[in-house]
Structures are given as C-alpha cells and as structure tokens.
Amino acid sequence: RLAEASVPGRLHRAEPLPTAGSNGPPYALVQFGLEAPTLAALPHEGRAMIERGSVCLIGSASDLFVSLARNGEHAGWESGMTVLGAVPEPALGELVEGAILSLPKHNFTHPQYGTVMSMLDKALPCTLQRART
C-alpha cells in the first residue's frame, strides 16, 4: 500500500561493499526514511534471507535499506529486518551503485550504538513506488 500511495522520503545513507572478508563498515547498503510513522509500529515478519537488491524494513523504524551485498555481508540480519521487496538489475547497479554511491559523503557515528555510518552530505528526496511491469 505504501508504494501505491507514493510515500515520500529522504535517502540519506550510502555505503559501498566492505573489503573482502569483512561485514563492515562500510555495510553495502543505501538507506532511506519514509514519511510513514506507522512503519515503526509494524512487527517483524518472516526470516527471508537478505540478498543483493532486497528492500528491507529496519526493525522499529520508518527507515528502509536496499542491500548491495554480493558475498553474504548481511547474513544474520534477517532476525531484525523484514524483506519487503527488491530492486532488480540493472537499476540496482546503474542507479543505486553507479549514481548514489558516487555522491559526496561523510562519516557519522551513531550516538547510541557507536556504529560508523557513511551519510550523504545532502539527503536526496525519494518516493517509494510500485514497480512498473
């Protein structure tokens, strides 16, 4: 329903693949928040493996991320994230990796968890839409 409603949001985090043998940082994802506070109240559903292109709801948040993982970097994350959809190739490689990852970024350390994240210097407006078939 969110995609059908064209819910707006802001893309604010962009992290490339980590070095070989590492699970991060960086964490191989792009993250965006939606203007949909009801998302944070949704219970976690399923245990679908997070694969390259998966669109995932971050538990207890109104944020989603798109996985860029190629080598299982998000293995184990399914216990706290809900897979809602997917971004197919070639859009994943061309738009997400090609255009978004090349934008200027800075590091930010999460004040509660200490996670070092790569944040866009300027958040981008985005809209969640249903895929055209």
Side-chain angles (χ1 to χ4, degrees):
R1 292 185 208 177
L2 289 171
E4 292 168 353
S6 295
V7 175
R10 308 287 286 171
L11 189 136
H12 57 273
R13 183 176 174 191
E15 305 203 14
L17 292 168
T19 57
S22 170
N23 288 330
Y27 293 102
L29 58 84
V30 295
Q31 181 176 334
F32 56 101
L34 293 176
E35 294 175 21
T38 56
L39 279 177
L42 292 176
H44 170 65
E45 284 188 24
R47 298 198 46 87
M49 296 298 295
I50 298 171
E51 301 172 340
R52 179 172 170 75
S54 294
V55 177
C56 306
L57 175 62
I58 298 173
S60 303
S62 293
D63 278 25
L64 295 99
F65 72 87
V66 177
S67 172
L68 305 177
R70 292 182 182 271
N71 301 302
E73 291 90 351
H74 297 148
W77 289 21
E78 64 276 0
S79 64
M81 313 291 177
T82 301
V83 176
L84 301 176
V87 175
E89 296 289 359
L92 184 65
E94 293 172 4
L95 176 62
V96 178
E97 286 182 311
I100 296 171
L101 286 183
S102 65
L103 295 171
K105 296 176 277 308
H106 62 277
N107 284 341
F108 172 78
T109 302
H110 192 284
Q112 183 177 357
Y113 302 110
T115 306
V116 177
M117 300 179 286
S118 181
M119 310 300 279
L120 293 175
D121 286 350
K122 183 178 178 186
L124 300 173
C126 64
T127 303
L128 186 64
Q129 296 177 335
R130 178 179 290 278
R132 295 181 186 103
T133 55

Give, for atom [atom1] of [X] and atom [atom2] of [Y], the distance between the pair rounded to the nearest 0.5 Å.
{"X": "F32", "Y": "L120", "atom1": "CZ", "atom2": "CG", "result": "13.0 Å"}
{"X": "M81", "Y": "L57", "atom1": "CE", "atom2": "CG", "result": "9.0 Å"}
{"X": "L11", "Y": "K122", "atom1": "CG", "atom2": "NZ", "result": "13.0 Å"}
{"X": "D121", "Y": "K105", "atom1": "CG", "atom2": "NZ", "result": "8.5 Å"}
{"X": "S79", "Y": "R47", "atom1": "OG", "atom2": "CZ", "result": "5.5 Å"}
{"X": "S67", "Y": "Q31", "atom1": "OG", "atom2": "CD", "result": "12.5 Å"}

Considering only heavy atoms from C-beta outward, does the side chain of [X] approach that of [Y] to under 4.5 Å?
{"X": "V66", "Y": "L92", "result": "yes"}
{"X": "L95", "Y": "V87", "result": "no"}
{"X": "P16", "Y": "P26", "result": "yes"}
{"X": "E15", "Y": "F65", "result": "no"}
{"X": "V30", "Y": "R13", "result": "no"}
{"X": "H12", "Y": "L124", "result": "no"}
{"X": "V96", "Y": "L101", "result": "no"}
{"X": "L64", "Y": "I58", "result": "no"}

Any pair counted as salt bridge (charged side-chain N to carboxylate O under 4.0 Å, His left out), so long as it reaches residues 68-83, sequence neighbours left out = R70-E97

Taking all atoms of both residues into account, what is the closest heavy-atom pair of [X] and [Y], and its distance?
{"X": "S102", "Y": "A99", "answer": "OG-O, 2.8 Å"}
{"X": "A69", "Y": "L17", "answer": "CA-CD2, 4.0 Å"}
{"X": "A28", "Y": "P18", "answer": "CB-CD, 3.9 Å"}
{"X": "L34", "Y": "V7", "answer": "CD2-O, 3.8 Å"}

Is a donor on one side and an acceptor on the other found under 3.5 Å between the side chain of [X] and the backbone of [Y]?
{"X": "T109", "Y": "G114", "answer": "no"}
{"X": "H74", "Y": "W77", "answer": "no"}
{"X": "S54", "Y": "C56", "answer": "no"}
{"X": "S60", "Y": "A40", "answer": "no"}

Take R52 and E89 through the salt bridge (charged side-chain N to carboxylate O under 4.0 Å, His left out) test and state the conclusion after the steps.
-> CA-CA 10 Å; R52 179 172 170 75; E89 296 289 359; 2.9 Å; yes

Going by chain and number, the hydrophobic cluster around M119 (ILVMFWY, side chain to side chain under 4.5 Å) further includes F108, M117

